[in-house]
Amino acid sequence: MNTKQLKHHIGQSITLKGWVSNRRESKTVVFINLRDGQGVCQCILGLEDLGDDLFNMAKSLGQESSVSITGVVIEDPRQVGGFELHATDLMVYQNAKDYPISNKEHGVEFLIDHRHLWLRSRRQWAIMRIRNCISYAIHNFFQKEGFVQMDAPIFTGNAAEGTTDLFETDYYGKPAYLTQSGQLYGEAMAMAMGKIYTFGPTFRAEKSKTRRHLSEFWMIEPEMAFCDIFENMDTIESFLRCVVQEVLEKCTDELQVLNRDTTQLETISKTFPRFSYDEAVEILKGEKDVNGQNSLLTIQQDIEDTSARIEEIRKDILEREAAIAAGGMKKGAINFNQNKIDTLKQELKQLEEDLRNLPQWLNSAKNFEYGNDFGGSDETVLTRLFDCPIMIYDWPHEIKAFYMKRNPEDPRFARGVDVLAPEGYGEIVGGGERETSEEWLVEKIKEHQLPMDVFQWYLDLRRYGSVPHSGFGLGLERLVAWICKLDHVRETIPFPRYYGRLEP
RNA sequence: GCCUUCAUAGCUCAGCUGGUUAGAGCGGUUGACUGUUAAUCAAUAGGUCCCUGGUUCGAGUCCAGGUGAGGGCGCCA
């Protein structure tokens with residue numbers, strides 16, 4: 001029996017097993033919010049129903065104590081979940097004391113240090129369930145479309161694109177690296193199966209301290225034979241649409257816990273705008289408007305709005321502080337105002353940081369040099385103008401990987417595609433069409449000064465039945481972060497690994 | 001690697017131009033209250049102000065170095 005099944009047992013006596021997430025008490029009643037992993041249910045434990053011993057035990061329960069409560073299910077629309085349990089019996093597995101995570105706000109460092117316990121809180125519960133839903137939806141989509149899941153190796157012997165961002169391990173006395181992409185193997189597997197996808201961990205030793213980088217993350221890499229870049233973009237679009245719609249449908253409770261504005265996700269049904277690199281540069285530099293908006297003016301406006309909001313918050317804080325200092329306020333009101341001030345200060349900190357960054361971003365967009373790759377801030381500036389994901393294709397070949405196919409009509413460009421998520425989440429998908437010609441590839445490998453011998457197996461794919469083929473890589477954590485609208489990808493994975501973080 | 005912000009009670013934070021015994025809320029403990037949703041109310045315990053050195057009659061506050069953390073850039077999903 002669990003809290004999700006209560007609606008089938010109204011008026012019946014049942015037993016729930018779980019953890020005490022909160023407790024309130026008065027002289028003859030104790031209220032316990034019971035969390036069982038599925039959901040929550042408020043349990044009412046009355047002195048008369050339980051007797052002195054059990055009632056006193058109920059009173060002594062600390063947060064996160066593990067218990068089993070038997071009682072009658074009562075429908076009550078005021079309650080979270082819609083039901084409550086009028087207890088007739090209580091069994092305590094363990095009475096927990098001094099649980100470190102209270103229902104108040106905590107700082108990031110403290111919470112991450114207690115990640116093993118933090119996972120129990122409501123918000124994390126919602127995020128992990130959405131992550132699960134996304135994983136399932138991804139498998140579902142590819143399986144329905146006839147893709148075969150095949151796993152690429154995690155140890156790799158060669159460093160295809162430099163060793164600086166690879167983790168080195170000892171493999172029977174030889175250096176081995178943890179995979180940073182299974183793509184080349186994906187191509188080999190696609191030639192065996194037609195359409196495949198990998199779903200596995202990826203490791204990058206980038207010393208990045210940003211809200212969108214992890215050292216260990218999960219990547220989904222489909223690869224399709226007989227597929228050009230445009231068919232690839234079609235696949236990416238229907239894939240993302242399918243996953244987001246699945247979450248909207250299946251995770252209404254979870255999205256609500258996160259306070260996610262779902263109208264911003266429903267725009268997924270729109271056709272994703274597609275721009276060539278050339279067009280995207282014009283938009284970025286403010287030389288071309290889109291949707292009646294100019295990128296530079298939009299950021300300029302953001303700067304002004306942010307400054308105005310900062311002023312507003314400062315004033316609000318001062319007023320509340322003055323009101324408290326003036327005295328005569330009831331303790332409850334003081335408490336309320338102080339909490340409000342805390343939240344406002346939090347927002348203020350965030351806004352002040354934005355205000356430090358925005359002018360840099362504006363500057364970087366203004367002075368963007370044609371031919372360069374887009375930086376994180378450029379992506380933010382671009383996507384600021386759209387409410388659904390956008391795709392950018394045909395990149396200068398110099399800045400793309402050696403295996404990227406050149407546009408036959410204009411060899412200055414490589415047929416890569418990046419998908420940028422809205423709301424500042426940046427690149428969630430990177431992909432493209434792969435080079436089919438052995439000659440071109442050999443030339444590229446030389447140009448990138450890569451060791452030819454380790455790519456012989458890869459070149460075999462072009463020697464024996466080379467066909468046009470494409471694929472892409474999706475960062476699961478970035479997708480989860482965007483769908484849940486989280487500040488940082490470290491909340492999207494149970495035990496995050498990022499620069500400087502290895503425990504717990 | 002570069003830039004930037006920060007470190008005060010178990011937790012979240014206040015502490016002004018340096019000045020007596022360092023404060024609040026939450027959490028803990030004790031008590032009050034039949035219905036609370038981060039309950040409320042009263043009382044109570046709880047401190048190496050990150051570390052080292054310096055300036056000063058006097059440093060939580062100023063300066064230098066170190067350590068740890070947040071965020072941004074580069075790089076990327």
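Below, chains carry the letters A, B, ... as their sequence lines are ordered, and counting in each starts from 1.
- For the pair L34(A) CG and rU37(B) C1', the interatomic distance rounds to 15 Å; values are reported in whole Å.
- Here the P atom of nucleotide rA77(B) and the CZ atom of R212(A) are 12 Å apart, to the nearest Å.
- The pair E423(A)-R384(A) fails the salt-bridge criterion, with no side-chain N (NZ, NE, NH1 or NH2) lying under 4.0 Å from an Asp/Glu carboxylate O.
- With hydrogens and angles left out, the side-chain atoms of Q42(A) and R24(A) include a donor and acceptor closer than 3.5 Å.
- Across I154(A), L214(A), D165(A), a single residue satisfies side-chain contact (heavy atoms from CB on, under 4.5 Å) together with F203(A), and that is I154(A).
- Taking for each of Y99(A) and N357(A) the nucleotide of RNA chain B with the nearest heavy atom, the 5'-most of the two is the partner of Y99(A).
- At the heavy-atom level, S377(A) lies under 4.0 Å from the strands shown only through sugar-phosphate atoms.
- Atom-to-atom, CD of E64(A) to C1' of rG27(B) comes out at 14 Å; the value is rounded to the nearest Å.
- A salt bridge links K444(A) and E447(A); the closest N-O separation between the charged side-chain nitrogens and carboxylate oxygens is under 4.0 Å.
- At the heavy-atom level, E477(A) lies nowhere under 4.0 Å from the strands shown.
- Phosphate proximity of rC75(B) to K207(A): absent, as no side-chain N or O sits under 4.0 Å from OP1 or OP2.
- Atom CD of E216(A) and atom P of rA77(B) are 17 Å apart (whole Å).
- The same atom, C1', is picked in rA7(B) and in rG66(B); the two are 14 Å apart, to the nearest Å.
- Looking at heavy-atom distances under 4.0 Å, L214(A) makes contact with a base.
- Here the NZ-CG distance, from K349(A) to L351(A), works out to 13.0 Å after rounding to the nearest 0.5 Å.
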Under 4.0 Å protein heavy-atom contacts per nucleotide of nucleotides 5-10 of chain B, with B for base, S for backbone only and - for none | ------
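- For E25(A) and rU36(B), a side-chain-to-base donor-acceptor distance below 3.5 Å is absent, hydrogens and geometry of angles not being considered.
- Between E206(A) atom CD and rG72(B) atom C1' the separation is 15 Å, expressed in whole Å.
- Residue L474(A) is classed as having no contact, given no heavy-atom separation below 4.0 Å to the nucleic acid.
- Between K59(A) and R204(A), the residue anchored nearer the 5' end of RNA chain B, judged by the nucleotide with its closest heavy atom, is K59(A).
- With 3.5 Å as the limit, one finds a donor-acceptor pair spanning the side chains of T3(A) and D36(A).
- Under the rule for a side-chain contact (heavy atoms from CB on, under 4.5 Å), the partners of N372(A) that lie at least two apart in sequence or sit in another chain are F368(A), E369(A).
- No side-chain N or O of D151(A) forms a donor-acceptor pair with one of T198(A) less than 3.5 Å apart.
- For E48(A) and rU34(B), the CD to C1' distance is 10 Å, given to the nearest whole Å.
- Comparing rA9(B) with rG23(B), their C1' atoms sit 10 Å apart, to the nearest whole Å.
- F31(A) does not qualify as a stacking partner of the rG35(B) base, lacking a centre-to-centre distance under 5.5 Å together with planes within 30°.
- For the P atoms, the distance from rC63(B) to rU55(B) is 16 Å, rounded to whole Å.
- Side-chain atoms of H213(A) come within donor-acceptor range of the base of rC76(B), with a qualifying N/O pair under 3.5 Å.
- Remark: the Q79(A) side chain and the rU36(B) base include a donor-acceptor N/O pair separated by less than 3.5 Å.
- Residue contacts shown for R211(A) are limited to sugar-phosphate atoms, with no base heavy atom under 4.0 Å away.
- Residues H469(A) and E433(A) have side chains that never bring a donor and an acceptor to within less than 3.5 angstrom of each other.
- RNA chain B lies under 4.0 Å from at least one heavy atom of each of the following residues of residues 490-504 of chain A: R490(A), Y498(A), G500(A).
- Judged as a side-chain contact (heavy atoms from CB on, under 4.5 Å), and not counting sequence neighbours, the contacts of K400(A) are W395(A), M404(A), A414(A), D418(A).
- Across all strands, N33(A) comes closer than 4.0 Å to no nucleic acid atom at all (heavy-atom distances).
- Base engagement by G376(A) is indicated by at least one non-hydrogen atom pair under 4.0 Å involving a base atom.
- Of the listed nucleotides (rG72(B), rC76(B), rC75(B)), rC75(B) has the atom at the smallest distance from the side chain of D165(A).
- Across rC16(B) and rA59(B), the matching C1' atoms stand 16 Å from one another, rounded to whole Å.
- Residues meeting the side-chain contact (heavy atoms from CB on, under 4.5 Å) test with T28(A), sequence neighbours left out: L47(A).
- Among the atoms of the strands shown, only primed sugar atoms or phosphate atoms (P, OP1, OP2) are found under 4.0 Å from some heavy atom of H488(A).
- Comparing rU61(B) with rU52(B), their P atoms are spaced 13 Å from each other, to the whole Å.
- In this structure, the nucleotide among rU34(B), rC75(B), rG68(B) sitting nearest to the side chain of T28(A) is rU34(B).
- In RNA chain B, runs of at least 3 stacked Watson-Crick or G-U pairs (N1-N3 plus N6-O4 or O6-N4, or N1-O2 plus O6-N3, all under 3.5 Å) give these stems: B:1-7 with B:67-73, B:10-13 with B:23-26, B:28-32 with B:40-44, B:50-54 with B:62-66.
- rU36(B) and rC50(B) are spaced 43 Å apart, taking the P atom of each and rounding to whole Å.
- To the nearest whole angstrom, the two C1' atoms, one in rC49(B) and one in rC62(B), are 16 Å apart.
- In this structure, R478(A) places its CZ atom 7 Å from P of rA77(B), rounding to the nearest Å.
- With no hydrogens or angles considered, no side-chain donor-acceptor pair links D302(A) and Q300(A) at under 3.5 Å.
- A cation-pi arrangement is absent between R478(A) and F217(A) under the rule of less than 6.0 angstrom and at most 45 degrees off the ring axis.
- Contacts of E84(A) with the nucleic acid, taken as non-hydrogen atoms under 4.0 Å apart, include base atoms.
- Evaluated for a salt bridge (charged side-chain N to carboxylate O under 4.0 Å, His left out) with E477(A), the options R212(A), R204(A), R131(A) yield exactly one hit, R131(A).
- Salt-bridge check for R35(A) with E64(A): passed, with a basic side-chain N closer than 4.0 Å to an acidic carboxylate O.
- The nearest whole Å value for the distance from the CH2 atom in W395(A) to the P atom in rC76(B) is 10 Å.
- You won't find any donor-acceptor pair under 3.5 Å spanning the side chain of E352(A) and the base of rG71(B), going by distance alone.
- As rounded to the nearest Å, rG70(B) and rC11(B) have P atoms that lie 16 Å from one another.
- Within 4.0 Å of V429(A), counting heavy atoms only, lie sugar-phosphate atoms of the nucleic acid but no base atom.
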